[in-house]
Amino acid sequence: MKKVVIFEFFTGNIAGAQKVTLNIIPMLKKKYDVVIFQRLNNTLYSDTVKEFGDTKKIPCESLFTKVFGTGRFEGTKKTLMDKVYFILNVLFFNVFSLFHVIKEKPDYTYTYDPRGFVLSCLLLKLTKTKVIWHLHSKLSCSDKVSKIMMSFVDEIIVPSQNIKDSLPDNDKVKVIYNGFDLKRVIEKNPNDDVLNLSFVGSLVAHKGLHNILLALKDINHPNVKLHVYGSYAHSNPLLNYEDYINSIITDLSLQDKVIFHGWCSDVIPEIMKSDLLIFPSVINQTLSFKGESMKVNSSEALPTIVIEALSVETPVVAVNTPGISEIVVEKSDGIIINESEPALIADAVNKILDNNDFYHPDSSLIINKFSLEEMQQHIYGTFK
């Protein structure tokens with residue numbers, strides 16, 4: 001039996017990319033001997049990966065967290081020691097990955113996103129393993145740097161045509177839509193007295209929750225409830241996002257309109273109860289709070305939550321981040337807006353309210369397009 005080694009450098013809650021990985025691992029285990037190297041923290045995601053067995057520990061957690069922590073390593077001021085720790089991370093974990101690939105002798109090595117690439121793929125050309133890199137978002141670097149990064153791997157999987165088109169040398173890039181088990185009984189209990197809106201995602205600036213809050217006052221409904229499913233991932237030293245959100249709620253007197261449910265491991269039943277899902281991920285904005293400013297931008301590729309909403313026939317208002325136009329393809333699915341602006345969000349919600357009978361997604365279309373079976377077929381075509 002051929003062997004696959006997976007390097008998993010993420011720990012925390014289960015977001016879109018992690019849902020995909022949790023589907024890919026059992027696919028690979030059906031046909032290959034799979035060995036997983038992971039950070040063995042006691043988090044929801046890490047504990048779920050452990051259930052697959054054959055997991056081995058990625059060491060030196062303290063060195064890793066000095067650079068990456070549990071959030072995104074961006075938008076912060078880098079000190080000299082930050083840079084030194086980053087270089088040490090890259091050197092140490094690439095040597096670690098090389099050693100274990102030589103030891104395990106896998107036919108394939110798999111990792112995902114820039115973090116996985118930077119920490120495991122730079123030395124693997126010295127071995128005979130086929131390096132497969134699953135890139136879930138656009139690369140935020142120049143074409144020249146992107147070409148250099150792509151030269152270290154044999155094949156790149158991306159979840160949307162939009163991501164593929166953004167890469168400079170895409171001959172080795174293959175589009176495989178993320179697949180999910182979306183089949184379920186759909187039960188709707190509409191209530192005209194309440195407009196239930198949902199936001200799902202980590203509570204960080206680039207996910208755009210603040211723009212929904214600012215839009216609520218302009219939505220034409222007497223009783224709006226915004227249900228927020230997610231938790232604050234980390235605090236950016238340039239702008240405390242939790243304080244920023246709380247200040248908006250206080251200033252606009254939204255305490256009775258916004259309900260924070262915390263992180264939800266199975267959010268689809270909650271979306272099913274909603275009249276509308278809002279996906280307000282920021283393409284490019286600058287936030288200002290207490291004299292500090294911070295630039296924020298999207299990291300999306302094929303937003304899982306939008307797929308899940310349409311699969312239970314909940315229409316969406318979605319910012320046109322990468323992959324959205326490949327999900328929201330029918331006019332009845334909802335409305336795509338050009339940026340995460342409060343006025344655009346409110347206008348789109350009001351349009352759906354005015355034409356409520358029209359906006360009813362066909363769940364069968366989305367379920368067939370983003371099925372596990374379809375994804376599995378293409379994944380096996382890559383690992384061959």
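Scope of the values below: all heavy atoms of this structure, side chains included, with no hydrogens, waters or symmetry mates. Residue numbers start at 1 and run along the sequence shown.
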A.B. asks: Find out whether Met149 and Cys141 are in side-chain contact, i.e. whether some heavy atom of one side chain is under 4.5 Å from a heavy atom of the other.
C.D. replies: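 Of all side-chain heavy-atom pairs linking Cys141 with Met149, at least one is under 4.5 Å.
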
A.B. asks: Hey, does Ser198 have a side-chain heavy atom less than 4.5 Å from the side chain of Leu277?
C.D. replies: yes

A.B. asks: Kindly state each residue pair satisfying salt bridge (charged side-chain N to carboxylate O under 4.0 Å, His left out) with at least one member in residues 339-364, sequence neighbours excluded.
C.D. replies: none

A.B. asks: Please check if the side chain of Thr127 supplies one atom and the backbone of Leu98 the other of a donor-acceptor pair under 3.5 Å.
C.D. replies: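 Judged by distance alone, no pair lies under 3.5 Å.
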
A.B. asks: Measure from the side-chain N and O atoms of Asn178 to the backbone N and O of Pro159, and report whether any donor-acceptor pair falls under 3.5 Å.
C.D. replies: no

A.B. asks: Are Tyr359 and Val329 connected into the same hydrophobic cluster when the rule is that any two of I, L, V, M, F, W, Y join if their side-chain heavy atoms are below 4.5 Å apart?
C.D. replies: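 No, no single cluster joins them.
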
A.B. asks: Once you round to the nearest 0.5 Å, how far does CD1 of Ile25 lie from CD1 of Ile6?
C.D. replies: 4.5 Å

A.B. asks: For a quick test of reading the model, state the closest non-hydrogen atom pair linking Leu344 to Ile337 and the distance between them.
C.D. replies: O-CG2, 3.9 Å

A.B. asks: Pair up each side-chain donor or acceptor in residues 264-272 with any protein partner under 3.5 Å, not counting sequence neighbours, and list the distances.
C.D. replies:
unit_1 : atom_1 : unit_2 : atom_2 : d
Glu270 : OE1    : Lys273 : NZ     : 3.4

A.B. asks: Can you name the residues that form a ring-ring contact (aromatic ring centres under 6.0 Å, His included) with Phe37, not counting sequence neighbours?
C.D. replies: Phe7, Phe96, His100

A.B. asks: How long is the straight-line distance from CD1 of Ile278 back to CD1 of Ile305, given to the nearest 0.5 Å?
C.D. replies: 13.0 Å

A.B. asks: So, do Thr21 and Phe10 sit near enough that their side-chain heavy atoms are less than 4.5 Å apart?
C.D. replies: no

A.B. asks: Quick check: do Met150 and Val173 have side-chain heavy atoms less than 4.5 Å from each other?
C.D. replies: yes

A.B. asks: Kindly give the heavy-atom pair with the smallest separation between Ile327 and Pro303, and that separation in Å.
C.D. replies: CD1-O, 3.7 Å

A.B. asks: Search all heavy atoms of Ser46 against all heavy atoms of Thr11 and return the closest pair with its distance.
C.D. replies: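 Minimum heavy-atom contact is OG-OG1, 2.8 Å.
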
A.B. asks: A side-chain contact here means heavy atoms from C-beta on lying under 4.5 Å apart; do Glu330 and Leu310 qualify?
C.D. replies: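 Not touching, per the 4.5 Å side-chain cut-off.
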
A.B. asks: In Å and rounded to the nearest 0.5 Å, what is the CG to CD distance from Leu287 to Glu292?
C.D. replies: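 Leu287 CG to Glu292 CD: 12.5 Å, rounded to 0.5 Å.
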
A.B. asks: Before you tell me yes or no, could you show the steps for Ile307 and Leu302 under side-chain contact (heavy atoms from CB on, under 4.5 Å), namely the whole-Å CA-CA distance, both residues' side-chain angles and the distance that decides it to 0.1 Å?
C.D. replies: CA-CA 8 Å; Ile307 295 171; Leu302 192 79; 4.0 Å; yes

A.B. asks: So, His378 versus Tyr177, ring centres under 6.0 angstrom or not?
C.D. replies: no

A.B. asks: With no hydrogens and no angle check, is any side-chain donor or acceptor of Asn240 less than 3.5 Å from a backbone partner on Asp243?
C.D. replies: yes

A.B. asks: Listed by chain and number, what are the side-chain hydrogen bond (donor to acceptor under 3.5 Å, both in side chains) partners of Ser137, not counting sequence neighbours?
C.D. replies: none

A.B. asks: Is a side-chain N or O of Trp133 found less than 3.5 angstrom from the main chain of Asp113, in a donor-acceptor match?
C.D. replies: yes

A.B. asks: Is a donor on one side and an acceptor on the other found under 3.5 Å between the side chain of Ser97 and the backbone of Phe93?
C.D. replies: yes

A.B. asks: Nearest heavy-atom pair of Val131 and Leu124: which atoms, and what distance?
C.D. replies: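 So the minimum-distance heavy-atom pair works out to CG2-CB, 3.7 Å.
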
A.B. asks: To the nearest 0.5 Å, what is the distance between OG (Ser298) and NZ (Lys138)?
C.D. replies: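 Result: 8.5 Å between the selected atoms.
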
A.B. asks: Tyr241 side chain to His210 main-chain N or O, any donor-acceptor pair under 3.5 Å?
C.D. replies: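 Flag set: sc Tyr241 to bb His210 pair under 3.5 Å.
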
A.B. asks: So Leu122 and Phe117, side-chain contact (heavy atoms from CB on, under 4.5 Å) or not? Walk me through it.
C.D. replies: CA-CA 7 Å; Leu122 301 184; Phe117 166 83; 3.7 Å; yes

A.B. asks: Would you mind reporting whether Phe279 and Val316 have side-chain heavy atoms less than 4.5 Å apart?
C.D. replies: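 When only atoms from C-beta onward are counted, Phe279 and Val316 do not touch, as no gap falls below 4.5 Å.
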
A.B. asks: Is Ile259 reachable from Leu276 through a run of I, L, V, M, F, W or Y residues, each pair having side-chain heavy atoms under 4.5 Å apart?
C.D. replies: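 Per the 4.5 Å side-chain linkage, Leu276 and Ile259 are not co-clustered.
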
A.B. asks: Are Val35 and Phe99 linked, directly or through other ILVMFWY residues, by side chains that come within less than 4.5 angstrom of each other?
C.D. replies: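 Unlinked, Val35 and Phe99 end up in two clusters.
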
A.B. asks: With the 4.5 Å side-chain cut-off for hydrophobic clustering, are Met375 and Leu365 part of the same group?
C.D. replies: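 As far as the 4.5 Å side-chain criterion goes, Leu365 and Met375 are not connected within one cluster.
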
A.B. asks: State, without any angle test, whether Asn41 and Glu61 hold a side-chain donor-acceptor pair at a distance under 3.5 Å.
C.D. replies: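 Result is yes, a qualifying pair exists.
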
A.B. asks: Per the salt bridge (charged side-chain N to carboxylate O under 4.0 Å, His left out) rule, what does the pair list look like for residues 141-159, sequence neighbours excluded?
C.D. replies: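 Qualifying pairs: Lys125-Asp154, Lys130-Glu155.
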
A.B. asks: Begin with the C-alpha distance, continue with both residues' side-chain angles, and end with the deciding distance and a verdict on side-chain contact (heavy atoms from CB on, under 4.5 Å) for Thr55 and Glu8.
C.D. replies: CA-CA 10 Å; Thr55 61; Glu8 175 54 272; over 6 Å; no

A.B. asks: Enumerate the salt bridge (charged side-chain N to carboxylate O under 4.0 Å, His left out) contacts for residues 94-107, please, sequence neighbours excluded, ordered by first and then second residue.
C.D. replies: Lys3-Glu104, Lys56-Glu104

A.B. asks: Are there over 12 heavy-atom neighbours, none belonging to Tyr85, within less than 6.0 Å of that residue's OH?
C.D. replies: no

A.B. asks: Scan residues 311-325 for pairs that pass side-chain hydrogen bond (donor to acceptor under 3.5 Å, both in side chains), counting only residues two or more places apart or in two chains.
C.D. replies: Lys188-Thr314, Glu313-Ser363

A.B. asks: Among Ile, Leu, Val, Met, Phe, Trp and Tyr joined by side-chain contacts under 4.5 Å, find the other residues sharing a cluster with Val194 and list them by chain and number.
C.D. replies: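 When side chains under 4.5 Å apart are linked, Val194 ends up in no cluster with other residues.
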
A.B. asks: With a cut-off of 6.0 Å (strictly less than), are more than 12 heavy atoms of other residues, nucleotides or ligands near NZ of Lys183?
C.D. replies: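 Not buried by this count: 12 neighbours or fewer within 6.0 Å.
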
A.B. asks: Might you work through the side-chain contact (heavy atoms from CB on, under 4.5 Å) test for Tyr112 and Val20, ending with a clear yes or no?
C.D. replies: CA-CA 10 Å; Tyr112 67 90; Val20 175; over 6 Å; no

A.B. asks: How long is the straight-line distance from CG of Leu28 back to CZ of Phe383, given to the nearest 0.5 Å?
C.D. replies: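 If we round to the nearest 0.5 Å, Phe383:CZ and Leu28:CG are 5.0 Å apart.
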
A.B. asks: Measure from the side-chain N and O atoms of Gln18 to the backbone N and O of Ala15, and report whether any donor-acceptor pair falls under 3.5 Å.
C.D. replies: yes

A.B. asks: Working to the nearest 0.5 angstrom, can you tell me the gap between Lys19 NZ and Phe180 CZ?
C.D. replies: 7.0 Å

A.B. asks: Spell out, as yes or no, whether a donor-acceptor pair under 3.5 Å connects the side chain of Lys172 to the backbone of Val153.
C.D. replies: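 Yes.
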
A.B. asks: Does Asn23 use its side chain to pair, donor to acceptor, with the backbone of Leu372 at less than 3.5 Å?
C.D. replies: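 Side chain of Asn23 to backbone of Leu372: no pair is present.
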
A.B. asks: So which pairs with a foot in residues 203-214 pass salt bridge (charged side-chain N to carboxylate O under 4.0 Å, His left out), sequence neighbours left out?
C.D. replies: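 Passing the test, one end in residues 203-214: Lys207-Glu300.
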
A.B. asks: For Gln161, is there any backbone N or O sitting under 3.5 Å from a side-chain donor or acceptor partner on Glu326?
C.D. replies: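 It does hold such a pair.
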
A.B. asks: Tell me whether Tyr380 shares a hydrophobic cluster with Ile132, the cluster being built from Ile, Leu, Val, Met, Phe, Trp, Tyr side chains joined at under 4.5 Å.
C.D. replies: yes

A.B. asks: So which pairs with a foot in residues 250-262 pass side-chain hydrogen bond (donor to acceptor under 3.5 Å, both in side chains), sequence neighbours left out?
C.D. replies: His227-His261

A.B. asks: Should side-chain heavy atoms under 4.5 Å link Ile, Leu, Val, Met, Phe, Trp and Tyr, which residues sit in the same cluster as Ile87?
C.D. replies: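 Traced through the cluster, Ile87 reaches Leu91.
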
A.B. asks: Sequence neighbours left out, what passes side-chain contact (heavy atoms from CB on, under 4.5 Å) with Asn13? Give chain and number order.
C.D. replies: Leu44, Ser231, Trp263

A.B. asks: Report yes if some heavy atom in the side chain of Val228 is under 4.5 Å from a heavy atom in the side chain of Leu209; otherwise report no.
C.D. replies: yes

A.B. asks: Any side-chain heavy atom of Leu167 sitting closer than 4.5 Å to one from Leu135?
C.D. replies: yes

A.B. asks: Could you check whether Ser293 and Thr286, counting side-chain N and O atoms only, form a donor-acceptor pair closer than 3.5 Å?
C.D. replies: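 No, Ser293 and Thr286 have no side-chain donor paired with an acceptor closer than 3.5 Å.
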
